[in-house]
Amino acid sequence: MSAADWTSIDQPQDIRLVVADMDGTLLDEHSRIPEGFWGMLAGLRARGVEFVPASGRQYATLRNMFAAKASETLGGGELSYIAENGNVVAVDGEIVEVHGVDLDITRRIIDMVNASVTAGEYDMGLVVCSLDTAYVQRTDKPFLDEVGKYYAALKIVDDLHGVLDIAVEPDDYVPGEEIILKLAILDFGSSERMTDDKLAHVRDDYQVVVSGRHWVDIMNPATDKKQGVEALQRALGVTPAQTAVFGDYLNDLLMLEAGDWSFAMSNGHPDLRAAARYLAPSNAECGVLRVVDRLIA
């Protein structure tokens with residue numbers, strides 16, 4: 001069944017939670033927060049509606065983008081966030097859920113990326129993501145420029161294997177210790193092609209999510225943006241029928257199942273457009289803002 005056009009929604013709905021992906025969804029074609037967002041945010045909060053950015057981006061990066069202006073707009077307080085593709089969930093500025101991957105898969109992916117780059121198979125680099133920072137060993141400017149868009153807290157190390165010496169297994173994690181949230185691979189070619197070639201076997205035991213044309217994340221098998229939305233629903237006392245979700249790429253696919261009001265952006269991946277209940281205008285057309293204005297009058 002194909003998605004209905006967003007204009008077919010003919011009356012306001014009882015929405016209490018709006019969750020939106022960032023790149024290709026809320027952010028415009030220049031990766032900027034669109035004009036009109038802060039007014040929308042203030043209007044939602046006045047109506048008792050929680051707006052939540054959901055992204056593969058680092059928690060620190062999302063807070064850098066939103067926290068100060070949100071506090072000013074809302075007269076104090078914090079937003080809630082789904083960061084690192086669901087591995088970090090924060091409610092009103094307090095982290096309530098953290099998920100991670102084990103040290104064995106981290107070692108295996110470090111070795112795979114190093115071997116593939118050495119052999120000249122793929123032009124890629126690995127980001128080992130922890131709660132407080134992200135670690136990289138590749139240092140060329142194009143790589144660091146692209147990684148820096150998504151990871152505000154970044155540390156360059158000589159060898160990523162060294163991170164294994166300071167991190168704990170997810171089952172042993174307590175706040176204050178180092179946990180590896182996920183493994184993010186930046187491939188300057190096609191992330192889908194590289195994933196099919198190098199990571200097909202990893203899918204048997206881990207969540208492998210293509211989050212963009214050049215990015216793929218390897219995560220805990222029970223972790224994705226969907227479980228992040230569900231964690232927020234539990235914390236806020238919100239039902240799927242009161243939840244609207246917006247996305248554009250494959251890492252948003254499962255998240256659409258968490259809200260009865262699911263929207264794929266018109267610029268989105270074909271699989272997302274096929275799975276969503278509604279089709280929204282593109283991110284370049286301020287699609288999220290326009291739909292929210294209709295959905296929550």
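Remember, predicted model here, so these are calculated numbers, not experimental data.
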S.K.: Stepwise, does the salt bridge (charged side-chain N to carboxylate O under 4.0 Å, His left out) test hold for Glu97 with Arg234?
M.R.: CA-CA 12 Å; Glu97 286 201 13; Arg234 290 191 297 270; 3.0 Å; yes

S.K.: Looking at Asp10 and Arg294, is any side-chain nitrogen of the basic one under 4.0 Å from a carboxylate oxygen of the acidic one?
M.R.: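 Asp10 and Arg294: not salt-bridged.
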
S.K.: Taking the six-membered ring for Trp, are Phe51 and Phe37 closer than 6.0 Å centroid to centroid?
M.R.: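 Ring centres of Phe37 and Phe51 closer than 6.0 Å.
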
S.K.: Are Leu183 and Tyr173 connected, step by step, through hydrophobic side chains (Ile, Leu, Val, Met, Phe, Trp, Tyr) whose heavy atoms are closer than 4.5 Å?
M.R.: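 Shared cluster, no.
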
S.K.: Is there a donor-acceptor pair closer than 3.5 Å between any side-chain N or O of Ser8 and the backbone N or O of Ala4?
M.R.: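 Answer holds: no.
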
S.K.: Could you give me the CA-CA distance, side-chain angles and deciding distance for Arg273 and Asp271, then say whether salt bridge (charged side-chain N to carboxylate O under 4.0 Å, His left out) is met?
M.R.: CA-CA 6 Å; Arg273 298 200 303 270; Asp271 289 357; over 6 Å; no

S.K.: Just checking, is any N or O donor in the side chain of Asn267 or Glu29 under 3.5 Å from an acceptor N or O on the other one?
M.R.: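 There is no such pair (donor and acceptor under 3.5 Å, judged by atom type) between the side chains of Asn267 and Glu29.
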
S.K.: Please report whether the ring centroid of Phe246 lies less than 6.0 Å from that of Tyr278.
M.R.: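 For Tyr278 and Phe246, the ring centres are not under 6.0 Å apart.
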
S.K.: Could you see if Val157 belongs to whatever hydrophobic cluster contains Met112? Use Ile, Leu, Val, Met, Phe, Trp, Tyr and a side-chain cutoff under 4.5 Å.
M.R.: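 Yes; Met112 is reachable from Val157 via cluster members.
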
S.K.: Taking His214 for the side chain and Ser190 for the main chain, is one N or O donor matched with an acceptor at less than 3.5 Å?
M.R.: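 Looks like no, no N/O pair under 3.5 Å.
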
S.K.: Would the distance check show the side chain of Glu169 and the main-chain N or O of Leu103 forming a donor-acceptor pair, the cut-off being under 3.5 Å?
M.R.: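 Between the backbone of Leu103 and the side chain of Glu169 there is a qualifying donor-acceptor contact (under 3.5 Å).
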
S.K.: Determine whether the side chains of Asp248 and Thr25 contain a donor N or O and an acceptor N or O closer than 3.5 Å.
M.R.: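 Note: Asp248 and Thr25 side chains meet the donor-acceptor criterion.
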
S.K.: Compute whether any side-chain donor of one residue and acceptor of the other, for Asp217 and Asn85, lie under 3.5 angstrom apart.
M.R.: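 Yes.
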
S.K.: Verify the distance criterion only: is there a donor paired with an acceptor across the side chains of Tyr150 and Glu84 at less than 3.5 Å?
M.R.: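 On atom types as modelled, these side chains do not qualify, holding no pair under 3.5 Å.
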
S.K.: We want to know whether Tyr206 and Asp102 form a side-chain donor-acceptor pair, criterion being a heavy-atom distance below 3.5 angstrom.
M.R.: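 A pair is found: one side chain offers a donor N or O, the other an acceptor, under 3.5 Å apart.
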
S.K.: Hey, does the side chain of Arg57 reach the backbone of Lys149 with a donor-acceptor pair shorter than 3.5 angstrom?
M.R.: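 Checking the backbone N and O of Lys149 against the side chain of Arg57, a donor-acceptor pair under 3.5 Å is found.
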
S.K.: Between Gln233 and Thr239, is any side-chain donor less than 3.5 angstrom from a side-chain acceptor?
M.R.: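 No, no side-chain donor-acceptor pair sits under 3.5 Å.
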
S.K.: Any side-chain donor-acceptor pair under 3.5 Å between Glu78 and Ser71?
M.R.: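 Absent: no donor and acceptor within the cut-off.
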
S.K.: Could you check whether atom CG of Asp145 has more than 12 heavy atoms from other residues, nucleotides or ligands sitting under 6.0 Å from it?
M.R.: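 Enclosed: over 12 neighbouring heavy atoms sit under 6.0 Å from CG of Asp145.
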
S.K.: So, Arg277 and Asp260, do they make that salt bridge, N to O below 4.0 Å?
M.R.: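 No, no charged N to carboxylate O under 4.0 Å.
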
S.K.: For residues 194-203, which side-chain N or O atoms pair as donor and acceptor with protein atoms under 3.5 Å away, sequence neighbours left out?
M.R.:
residue	atom	partner	partner atom	Å
Thr195	OG1	Ser191	O	2.7
Asp197	OD2	Tyr122	OH	2.5
Lys198	NZ	Glu121	OE1	2.8

S.K.: Salt bridge check, Lys155 against Asp132: does any charged N sit closer than 4.0 Å to a carboxylate O?
M.R.: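 The answer is no: the pair does not qualify as a salt bridge.
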
S.K.: Look only at the side chain of Asn251 and the backbone of Val209, and say whether a donor-acceptor pair between them is shorter than 3.5 Å.
M.R.: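 Side chain of Asn251 to backbone of Val209: no pair is present.
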
